[in-house]
K.L.:
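Structure below; questions to follow.
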Amino acid sequence: MTKMNLNSLRTGPDAYGKFGIHGGRFVAETLMPLILDVENAYEKAIKDQSFINELDMYRRDYIGRPSPLYFAERLTEHFGGAKIYLKRDELNHTGAHKINNVIGQILLAKNMGKNKIIAETGAGQHGVATATACALFGFECEVFMGAKDIERQKPNVQRMQLLGAKINPVTSGTGTLKDAMNDALRFWVSNANTHFYIIGTAAGPHPYPKMVRDFQSIIGEEAKKQILEKENQLPNALVACIGGGSNALGLFHPFLDDEEVEIFGVEAAGKGLNSNLHAASLTAGSPGVLHGNRTYLLQDDDGQIIDAHSISAGLDYPGIGPEHSWLHDIGRIKYLSTTDDQSLDAFKLCSSLEGIIPALEPAHALHITGKLASERKGQIIIMNMCGRGDKDLSSVLPLIMKNDT
Amino acid sequence: MNRIKKTFNKLNKENKKALGIFITAGDPNFENSLKLITNLPDNGADFIEIGMPFSDPMADGPSIQLSSQRALKSGMNIKKCLSLIKIFREKNIHTPLILMGYYNPIYKFGKEKFIKKCIEFGVDALIIVDLPPEEDDEFYFEAEKNNLSMIRLVTPTTDEKRLKKILLNASGFVYYVSITGITGTQAPNIKNVQDNIKKIKQVTDLPIVIGFGIRSPGQATLMSDVSDGIVIGSAVVDLIKKSIDGEGVSGGEELTTCLDFTKEISKALKHN
């Protein structure tokens, strides 16, 4: 195997798509030629200045990048410790970080001459981003979404339909993100020659984990520049939530070699890590193979995948991107978790103190950010506010009212 | 000589084509799937493919997805699947058994232990759907060292360059996936299949078996004419589904319907 450069944590994956033991290309033969094509096209594209220029143009003029790095003074005051900065990726067009990746992949699809797109979605943010980009490029779009998620993320379903996407409800399994990904992969196997699959997180078979990470790394690159301008120093800590882990890797990756920066990933602890109703694959799972890669999974003793649970549809996934699994193994990143209830408290707090309604996903990160901040006076923490909470109101409001009475 | 080679040599001499039947271990329950597997050879199956159920069967259509779910619900796992094979082999030492499944349950069980048990209990070959040649370091060499055949899938998306790479380490037979799709969902196009089989024949002397879209005696005859054999799966497990009542319990009709269906296909293949 080709060795990764030991002086840097940023050179993975190796030529086989591996991060340590994680990653790889565990797919059915029908898909192999396709993912090899995607890999070749991607490696060519990122060396092509006209591709980079086009990507930069869309980032600036369509997504609205760079997103601000905002000093959250009232949250900082509230926790009474470290200065809290929010990387405002919820201000991107479509309201989350997902569009960063989608624009990159759709440009690649265009390069490859494919104008039919499929995607899976959990919270609906990736589906909306994909439907948006397809409208922009005039491409056909089909989105696979769990039936349960269609219920709890209605506004996003309506947005996708308005944008012209066809929604395929997935009823197999528990009808959530894992099952949506199964069905998207099955559809891709059946339509291998005509369709491009835009995977929404830094998981799946190589080259997806690398490609999605690269497209999201703009978050961390901007944040690094912005914090140096504002504070003339690197942050002491970074925090982001993790489902598959693309927003987190996007923020973290450019800082991996800065040893002085502590990095925290936040998984969904659902109803508690001992409840069997959570989505904390790193904290409570073990390595296995699913959806084309080896990574930490929630599974039983027989290697059957256990359904994840989280109040947040975007974190409701029993696996995690393989690069996170490797960063966990080598100890570079600490992975913590936040329960459903803790995330609801953070959701309310952020709304009332900052006038920013966070998505339930970054609300998980905010809970940990608050805990860390209160112990770290004089330090600086950057948290990725990776999505806005409008999509969550219909499911969150009844819960908040119930908890308040 | 191993069982797969023996079986295909014998059929070849008689100018016959092989019939493989796929059953998921534990569908609808341990006992009935054991009875089915035990009786398949007498009803015309030349080899048996036993599916090890997985919660997330990425390459399978609705029929085998449901079959896997029924099997998991009945408590099937690798350990029980292996003991089913052990019981089968006590009475049948000739029929080739091929285990088909996804990698995660095997990985979790322990690959060395799994290979050892397969050899000990009389498994002839493995098909691991999500282990392409790119991941050969993972499992293939260990299996080969122990004389356990690894059957490769070739698909309509496989180009000639890739075909050579796939067949380099292939053994047993070559499994040709007749459709660009998941199991049991479309009917294969005979012209395309014929062209692709020709290309595979130029690269290998291994028998070529066609599967993934064959449901009827007519299709079976058509496909066997251009190959060395066929596999039927979804159509068989659909018959199991039919014998399940609203509570998920089988009335046992599958013991008749699946075996009759096998007989019908066998007749179509061998008396044409």
Side-chain angles (χ1 to χ4, degrees), chain A residues 1 15-18 21 23-37 39 171-174 178-179 181-195 204-206 285-295 297-307 318-319, chain B residues 52-62 65-66 68-69 72 75-81 101-110 127-139 152-159 161-163 165-166 175-177 179-183 185-186 212:
Chain A
M1 274 191 213
Y16 299 86
K18 296 267 166 72
I21 66 161
R25 288 176 282 217
F26 296 89
V27 296
E29 179 55 32
T30 317
L31 284 184
M32 263 321 289
L34 274 94
I35 63 169
L36 292 172
D37 278 354
E39 183 183 348
T171 49
S172 60
T174 41
K178 155 184 99 92
D179 309 294
M181 196 151 178
N182 283 336
D183 271 17
L185 283 165
R186 288 181 186 122
F187 182 92
W188 203 28
V189 168
S190 312
N191 298 276
N193 294 319
T194 49
H195 286 66
H206 179 62
S286 59
V289 173
L290 178 71
H291 293 153
N293 59 169
R294 178 170 18 234
T295 192
L297 300 173
L298 300 178
Q299 55 181 329
D300 66 16
D301 293 341
D302 294 328
Q304 307 296 343
I305 308 306
I306 296 174
D307 290 315
Chain B
M52 297 178 284
F54 180 46
S55 52
D56 295 78
M58 196 178 87
D60 283 302
Q65 286 176 41
L66 289 172
S68 309
Q69 282 171 16
L72 289 173
M76 184 47 61
N77 57 25
I78 286 195
K79 217 173 140 197
K80 287 184 190 163
C81 181
Y102 292 81
Y103 188 45
N104 196 54
I106 297 171
Y107 180 68
K108 186 79 180 171
F109 185 81
I127 300 175
I128 306 177
V129 182
D130 50 356
L131 270 189
E134 275 72 8
E135 300 294 343
D136 269 355
D137 282 347
E138 183 74 34
F139 189 89
R152 299 290 202 198
L153 303 184
V154 174
T155 74
T157 58
T158 309
D159 63 21
K161 196 175 141 212
R162 186 158 179 81
L163 185 61
K165 185 184 173 93
I166 293 173
Y175 192 123
Y176 182 69
V177 175
I179 52 172
T180 307
I182 49 179
T183 51
T185 50
Q186 315 158 27
F212 264 55

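All heavy atoms count here, side chains included; hydrogens, waters and symmetry mates do not. First the proteins, then the strands, lettered A, B, ... as listed; each starts at 1.
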K.L.:
Would you say B:Asn104's side chain and A:Val289's backbone share a donor-acceptor pair under 3.5 angstrom?
P.N.:
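Yes: the side chain of B:Asn104 pairs with the backbone of A:Val289.
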K.L.:
Check B:Met58 against A:Ala28 and note the closest heavy-atom contact, atom names and distance.
P.N.:
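Looking at all heavy atoms of both residues, the shortest contact is CE-N, 3.8 Å.
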K.L.:
How long is the straight-line distance from CG of A:Asp179 back to CG of B:Asp56, given to the nearest 0.5 Å?
P.N.:
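The distance works out to 6.5 Å.
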K.L.:
Chain A heavy atoms under 4.5 Å from B:Phe54: which part of the residue, side chain, backbone, both or neither?
P.N.:
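It is both, since atoms from each part get that close.
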K.L.:
Please classify the contact of A:Pro287 with chain B as side chain, backbone, both or neither, using a heavy-atom distance under 4.5 Å.
P.N.:
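Its backbone and side chain both get close to chain B.
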K.L.:
Let's test your reading of the structure: which of A:Ile306, A:Leu185, A:Val27 forms the most heavy-atom pairs below 4.5 Å with chain B?
P.N.:
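Answer, by heavy-atom pair count under 4.5 Å with chain B: A:Val27.
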K.L.:
To the nearest 0.5 Å, tell me how far A:Gln304 CD sits from B:Lys108 NZ.
P.N.:
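Atom-to-atom, A:Gln304:CD and B:Lys108:NZ are 11.5 Å apart.
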K.L.:
Taking B:Thr155 as the fixed residue, which of A:Thr30, A:Leu31, A:Val189 is the one that meets the side chain to side chain contact (heavy atoms under 4.5 Å, CB included) rule?
P.N.:
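Testing each of A:Thr30, A:Leu31, A:Val189 against B:Thr155, the sole residue satisfying side chain to side chain contact (heavy atoms under 4.5 Å, CB included) is A:Thr30.
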K.L.:
Given heavy-atom pairs under 4.5 angstrom as the criterion, report whether the side chain, backbone, both or neither of A:Leu297 touches chain B.
P.N.:
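For A:Leu297, the side chain is the part near chain B, not the backbone.
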K.L.:
Heavy-atom distance under 4.5 Å to chain A: side chain of B:Asp60, backbone, both or neither?
P.N.:
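B:Asp60 touches chain A through backbone heavy atoms alone.
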K.L.:
Among A:Asp300, A:Asn182, A:Leu34, A:Asn191, single out the residue with the greatest number of heavy-atom pairs under 4.5 Å to chain B.
P.N.:
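With the most close heavy-atom pairs to chain B, the winner is A:Asn182.
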K.L.:
Identify which of B:Ile179, B:Asp130, B:Val177, B:Leu131 forms the greatest number of heavy-atom pairs closer than 4.5 Å to chain A.
P.N.:
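Most heavy-atom pairs under 4.5 Å with chain A: B:Asp130.
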K.L.:
Ignoring hydrogens, what is the shortest heavy-atom contact between A:Glu29 and B:Leu153? Give both atom names and the distance.
P.N.:
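Heavy-atom minimum between the residues: CG-O, 3.2 Å.
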K.L.:
Measure across B:Glu138 and A:Phe26 and return the closest heavy-atom pair with its distance rounded to 0.1 Å.
P.N.:
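Minimum heavy-atom contact is OE1-CZ, 3.8 Å.
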K.L.:
Identify which part of A:Asn193 has an atom lying under 4.5 Å from any heavy atom of chain B, answering side chain, backbone, both or neither.
P.N.:
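Contact with chain B is through the side chain of A:Asn193 alone.
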K.L.:
Using non-hydrogen atoms and a 4.5 Å limit, figure out which bit of B:Ile182 sits close to chain A: side chain, backbone, both or neither.
P.N.:
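Both backbone and side chain.
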K.L.:
Could you tell me the separation between the NZ atom of B:Lys79 and the CG atom of A:Asp301, rounded to the nearest 0.5 Å?
P.N.:
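Reported to 0.5 Å precision, the distance equals 11.0 Å.
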K.L.:
Can you say whether B:Pro57 sits under 4.5 Å from chain A via the side chain, the backbone, both, or neither, judging by heavy atoms?
P.N.:
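Contact with chain A is through both the backbone and side chain of B:Pro57.
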K.L.:
Can you confirm whether A:Gln299 sits close enough to B:Pro105 that some side-chain heavy atom of one is under 4.5 Å from a side-chain heavy atom of the other?
P.N.:
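SC-SC contact between A:Gln299 and B:Pro105 ruled out.
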K.L.:
Within the side chain of B:Glu135, is there an N or O that forms a donor-acceptor pair under 3.5 Å with the backbone of A:Arg25?
P.N.:
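Yes; at least one donor-acceptor contact below 3.5 Å.
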K.L.:
Does any part of the side chain of A:Leu36, heavy atoms only, come nearer than 4.5 Å to the side chain of B:Arg162, both counted from C-beta?
P.N.:
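Yes, close enough: below the 4.5 Å cut-off.
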K.L.:
Checking A:Ile35 against chain B: side chain, backbone, both or neither under 4.5 Å from a heavy atom?
P.N.:
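When you check distances to chain B, no heavy atom of A:Ile35 falls under 4.5 Å.
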K.L.:
For residues B:Ser55 and A:Lys178, report the shortest heavy-atom separation together with the two atoms involved.
P.N.:
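The answer is O-NZ, 4.5 Å.
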K.L.:
Using non-hydrogen atoms and a 4.5 Å limit, figure out which bit of A:Leu290 sits close to chain B: side chain, backbone, both or neither.
P.N.:
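When you check distances to chain B, only side chain atoms of A:Leu290 fall under 4.5 Å.
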K.L.:
After noting the C-alpha distance and the side-chain angles of A:Arg186 and B:Gln65, does the key distance pass the side chain to side chain contact (heavy atoms under 4.5 Å, CB included) rule?
P.N.:
CA-CA 11 Å; A:Arg186 288 181 186 122; B:Gln65 286 176 41; 3.1 Å; yes
K.L.:
Could you tell me which portion of B:Leu72 (side chain, backbone, both or neither) has an atom closer than 4.5 angstrom to a non-hydrogen atom of chain A?
P.N.:
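Answer is side chain: those atoms of B:Leu72 sit under 4.5 Å from chain A.
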